[in-house]
Every structure is written in structure tokens, then in C-alpha cells.
Visitor: 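Below is a structure I'd like to ask you about.
Quick caveat: nothing in here was measured; it's all calculated off a predicted structure.
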Amino acid sequence: LQACWKRMDARTGFFTLRRLVIQYCDWGGSSRGARDFLQTALPTLQQQFPHVNVEVVVKRNKHPTLIGNYHNGRYKTIGVKNVDADEIHDYAMYLIQQWGNKNVNHTGRRVKTNTQSISGVWTPYTNRPAQ
């Protein structure tokens, strides 16, 4: 029971990832890692996370992708072209552990002001003693 609570979202009290879609090609070379993942790691992943509906879709002549559909209606797509099975497992765990929120870009200034400091604009004479 405690292992189940570790995977549950603490904010809402339920699992946010509803469906994990694995798209791959059954003969393409870029899908080799996806085919290995389906045979080796997917059964243990389904046992660990029974709340996630795993859907396997064969799309011929297409590169493999992982798509996570979340409870809030959003989805995240990760391309796994020419990636081995261990990395695909890591990407699947990444999708399972996400909340499904929009990706936020945390670069740049957060506050837009004319004066970039509370003390005012810096000049070379700012910290010199007054004479």
C-alpha cells in the first residue's frame, strides 16, 4: 500500500497519467529499441503502474513515439527514434511522473520594470563614499 502512495500525486490524490501510447514500426530500424522495450520492460512497467492504460499502436513507416495523455486533458509527446530500450523506459517513467501541466520556460527576467533594481540603476559611482 505504501508503494502505491509513493506514485500518487500529492496535490490531487489521484494518478494524473491516464494513458501511455507507444507508437512504433514493426520492421523499421529506428524502432528497434521500441520493439525491445515492448518485449522486455513493458510487462514490468504495467505491473508497477496498473492505473496506466498502455496502448501499443503499430504505425508502419513512422518513427517511434511515446505519448502520455493526462487527466487534465493535456498530452506530451516524446520521439524515441534510434533510442535503446533502457532510455525508452526512462522516458516512460518521466511521463508517468509528470503532472501533465504545460511546459514552462524559466528563462529571462520575471519582473518587467523600468528600474532593474530596488536601489535604482547601477552606475560606477553608486558605492563610492560621498566627498
Side-chain angles (χ1 to χ4, degrees):
L1 185 63
Q2 280 190 339
C4 179
W5 286 106
K6 288 180 182 177
R7 293 188 302 263
M8 191 174 289
D9 185 12
R11 293 185 310 163
T12 57
F14 62 90
F15 301 105
T16 55
L17 183 68
R18 293 293 179 211
R19 185 172 63 159
L20 180 67
V21 180
I22 303 168
Q23 297 178 350
Y24 75 103
C25 179
D26 58 349
W27 63 272
S30 65
S31 295
R32 183 176 298 124
R35 291 190 298 267
D36 292 341
F37 171 75
L38 291 175
Q39 293 174 354
T40 58
L42 185 62
T44 58
L45 191 72
Q46 286 178 324
Q47 288 175 355
Q48 277 184 319
F49 302 99
H51 66 279
V52 177
N53 295 330
V54 178
E55 183 178 329
V56 179
V57 178
V58 177
K59 287 201 166 194
R60 300 205 75 176
N61 301 322
K62 299 288 182 186
H63 293 301
T65 57
L66 294 177
I67 303 171
N69 292 336
Y70 294 92
H71 181 71
N72 59 3
R74 294 189 188 274
Y75 65 92
K76 292 186 179 184
T77 304
I78 298 177
V80 288
K81 175 178 74 167
N82 296 325
V83 176
D84 63 345
D86 294 332
E87 284 187 64
I88 293 176
H89 182 267
D90 293 340
Y91 285 132
M93 290 300 295
Y94 171 77
L95 288 175
I96 289 171
Q97 295 169 357
Q98 292 295 307
W99 287 338
N101 292 338
K102 186 176 179 181
N103 293 332
V104 178
N105 189 6
H106 292 290
T107 59
R109 292 190 350 232
R110 304 256 183 353
V111 178
K112 307 282 185 194
T113 64
N114 293 332
T115 306
Q116 296 181 7
S117 171
I118 296 172
S119 309
V121 178
W122 184 86
T123 64
Y125 304 104
T126 300
N127 293 327
R128 290 198 175 179
Q131 293 182 0

Visitor: Nearest 0.5 Å, what's the CZ-CG distance between R32 and D84?
Guide: 11.5 Å

Visitor: Any chance you could measure S30, atom OG, to K81, atom NZ, to the nearest 0.5 Å?
Guide: 7.0 Å

Visitor: If I take atom NE2 from residue H51 and atom NE2 from residue H71, how far apart are they, to the nearest 0.5 angstrom?
Guide: 12.5 Å

Visitor: Measuring only between side-chain heavy atoms, which start at C-beta, is I78 closer than 4.5 Å to Y94?
Guide: yes

Visitor: If every non-hydrogen atom of L17 is compared with every non-hydrogen atom of G68, which pair is closest and at what distance?
Guide: CD1-CA, 3.7 Å

Visitor: Quick check: is Y75 connected to V80 through a chain of hydrophobic side chains (ILVMFWY, heavy atoms under 4.5 Å apart)?
Guide: no

Visitor: Less than 4.5 Å apart, side chain to side chain, heavy atoms only: is that true for V57 and E55?
Guide: yes

Visitor: Taking atom SG of C25 and atom NZ of K59, what is their separation to the nearest 0.5 Å?
Guide: 12.0 Å

Visitor: Are the side chains of L45 and H89 in touch, meaning some heavy atoms are under 4.5 Å apart?
Guide: yes

Visitor: Carefully, step by step, assess F37 and I22 under the rule side chain to side chain contact (heavy atoms under 4.5 Å, CB included).
Guide: CA-CA 10 Å; F37 171 75; I22 303 168; 3.6 Å; yes

Visitor: Spell out, yes or no, whether L38 and V21 are grouped together once hydrophobic residues are joined by side-chain heavy atoms under 4.5 Å, including indirect joins.
Guide: no

Visitor: For the CZ atom of R35 and the CH2 atom of W27, what is their distance to the nearest 0.5 Å?
Guide: 10.0 Å

Visitor: For the residue pair A92 and L20, what are the closest heavy atoms and their distance?
Guide: CB-CD2, 4.2 Å

Visitor: Report yes if the side chains of Y70 and N101 come closer than 4.5 Å at any heavy-atom pair, otherwise no.
Guide: no

Visitor: One thing to verify: whether D26 and R60 come together as a salt bridge, which I'm taking to mean a side-chain N less than 4.0 angstrom from a carboxylate O.
Guide: yes

Visitor: State whether the side chain of R18 and the backbone N or O of G73 hold a donor-acceptor pair below 3.5 Å, judged by distance alone.
Guide: no

Visitor: With no hydrogens and no angle check, do the side chains of K76 and Q98 hold a donor and an acceptor under 3.5 Å apart?
Guide: yes

Visitor: State whether the side chain of Y91 and the backbone N or O of T65 hold a donor-acceptor pair below 3.5 Å, judged by distance alone.
Guide: no

Visitor: Looking at CE of M93 and CD1 of I88, how far apart are the two atoms once the value is rounded to the nearest 0.5 Å?
Guide: 15.0 Å

Visitor: What's the shortest heavy-atom distance between A34 and P64, and which atoms?
Guide: CB-CB, 4.0 Å

Visitor: Only one of T77, I67, L66, N69 passes side chain to side chain contact (heavy atoms under 4.5 Å, CB included) with L95; say which it is.
Guide: L66

Visitor: Specify the closest pair of heavy atoms between A85 and T40, including all atoms of both residues, with the distance to one decimal.
Guide: CB-OG1, 4.4 Å

